[in-house]
Amino acid sequence: MTTKKQNKRIAAAAALMVLAGCLAMTGCGGNKEDAPSGERDSIIIAGSTSVQALSEELAEAYMEKNQNATVEVQGGGSGQGIKSVEKGIADIGSLSREVKEEEKAAVSREFLAAKDGIAVIVNSKTGIKELSMKEIQQIYKGEVTNWKELGGMDKPITVVTREAGSGTRSSFTELAGITQKDDSGKELDGILKDALVQPSTGAVKETVSNTPYSIGYVSLNALDDKVAAVRVEGIEPSVETVLSGDYKIQRPFVYVAGTGLSSGAEDFIRFVMSSEGQKIVEESGFIPIKQK
Amino acid sequence: MRGKSLKVKETIIEKALFLCAAGSVTAVALITLFIFSSGYSVLRSYGPLNFIFGMDWSPVNGEYGILPLIAGTLEVTAGALILGVPAGIGCAVFLAEMAKERWAKLLKSAIELLAGIPSVVYGFFGLAIIVPAIRDWLLPAVQKIDPDVPASGFSVLAGAFVLGIMILPTIVSMSENAIRAVPLEFREASLALGADRRETITKVLVPAAKSGIFSSVILAMGRAVGETMAVLLITGNVPKVPTGPLDPAATLTGTIAMEMSYAGPEHQSALFAIGIVLFILIVILNSIALAVMKRFGGAV
């Protein structure tokens, strides 16, 4: 399966080739080839849709290294990840939250593969250095529309968000609690309709750094000097505070095994935890567990 | 003998040309079929009327109302035409009738150069120049009258301005050709009747070239409706019906481009359904253009 990310990467590679005038065609063509037929280790990963993109990236790299292995990635949700390993439908379950107490029985082993953290960034003119979770919710739900209500200047807040379907957006709404329940009790994305929509992390950073009195959010590992991240509940967002658990807008990506782990699955987990796998974690926009 | 080989040759060429024509028609048919089959499922489950007249576009919540996007597209396009058409026709008249031949050539190639600039570059230009200009110069003045006006600068106006520039080459070169194609006798007759230069241009030349000018406007409108990248960067992409030129807006094409990469199956089908609406919108605009052109009579 060609993922969008892969397409993007191929496009980027193509652009580089044109620019540099080098002929690295093999780099693109190589991963399309099928593994030679023969004995194949088949691994099925099922669970959280948030982890799915990362799992696919990891699976792709893993299959490239191990031509005998096939890794299939399925969605379904974190709860489904537990159920799949419990019933033996999948070798590895994936969760974008901690394993709950009542689920522990079905799980023999847990592997914390990565963490996902989101930083809230503001334009320097706001003069805001710290926000509480409640305040972030109020801003993004449109209940607070002027910085003076939060002790800032008497200026309207320009809210910047990501497009519908973006993983960063769904993580952010879920982790910061910017959701509304509909009549049937389903959690819905509650970001106000007036928010400016920018289609990429770079565009959000650019917009927030240039638009006075604006606020936005980006993946934690996309932070740089261009924009200022606020402290949330008094905690500076950083890799350290996410790993320690102090910074609140974050979640773990966990792989779990049911009764046992096949040798193929074991090998895949080893790959995820290796420096090579953790590098893919970082490249995919998440926080690696093992720091260099 | 020679006649026969000529005939064979002609038949072969004819067949080859037919194949070319058939190929492009097939391509159009296949694309149409693909868009319609991909977008059909959401149109059916959500209801075509709910889809087109729904006010709420929030795909993550399963709401697929695209009226705000249609309104955004139409407003940005209308704005671009308001800014671009008078400037373009004025420029065409100047090039065809007033400028010295050497200067006209130079200016025309400069304007045609505009057509070669990639649209994403226009987008960056808008993002770096137009959006801040609106925010820093225009908005403070407007805020004195209406303090609630959106303060970011991402707006229908910014999109219209950049699109207005982007459609200039189409309008200028086609209109100029149309005006130049008006027979010299028309000018001579007009001047002989005692009309001055301004009267000759406004009462004789432009009306005589109206068909060509009108087709240039239609083509420009098609480009404005379909333009994606430039608009995506500068209109703010807010899926709400914009009530004024300073409101941000989302367009049909921008939404497709922005959301396609991460869309789930239903969402993706909804984006293809937007494609259907865009398709129909263009067909309607073109039919109106053809009808009006017929009334104007005669092509130049």
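A, B, ... follow the sequence lines: proteins, then strands. Residue 1 opens every chain.
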*Give, as side chain, backbone, both or neither, the part of B:P248 having an atom under 4.5 angstrom from any heavy atom of chain A.*
side chain
*Intermediate values then yes/no, side chain to side chain donor-acceptor pair (under 3.5 Å), A:T161 and A:Y217*: CA-CA 7 Å; A:T161 185; A:Y217 57 88; 2.7 Å; yes
*Look at A:K193 together with B:D56 and state whether they make a salt bridge at an N to O cut-off of under 4.0 Å.*
yes
*For a side chain to side chain donor-acceptor pair (under 3.5 Å) with B:S269, tell me which candidate from B:S41, B:S38, B:S37, B:S45 qualifies.*
B:S41
*For the candidates A:T158, A:T207, A:D194, which exhibits the highest count of non-hydrogen atom pairs separated by less than 4.5 Å from chain B?*
A:D194
*asked:* Can you confirm whether the side chains of B:S119 and B:E227 place a donor and an acceptor under 3.5 Å from each other?
replied: yes
*A:A195, part contacting chain B, at a heavy-atom distance under 4.5 Å*: backbone
*Contact winner vs chain A - B:N61, B:V238, B:L127, heavy-atom pairs under 4.5 Å*: B:N61
*asked:* On a heavy-atom basis, which atom in B:M260 and which in B:Q268 lie closest, and how many Å separate them?
replied: SD-CG, 3.5 Å
*Which region of A:T211, side chain (C-beta onward) or backbone (N, CA, C, O), has a non-hydrogen atom less than 4.5 Å from a non-hydrogen atom of chain B, or is it both or neither?*
both
*Among the listed options A:G75, A:S170, A:P212, the residue most often paired with chain B at heavy-atom distances under 4.5 Å*: A:P212
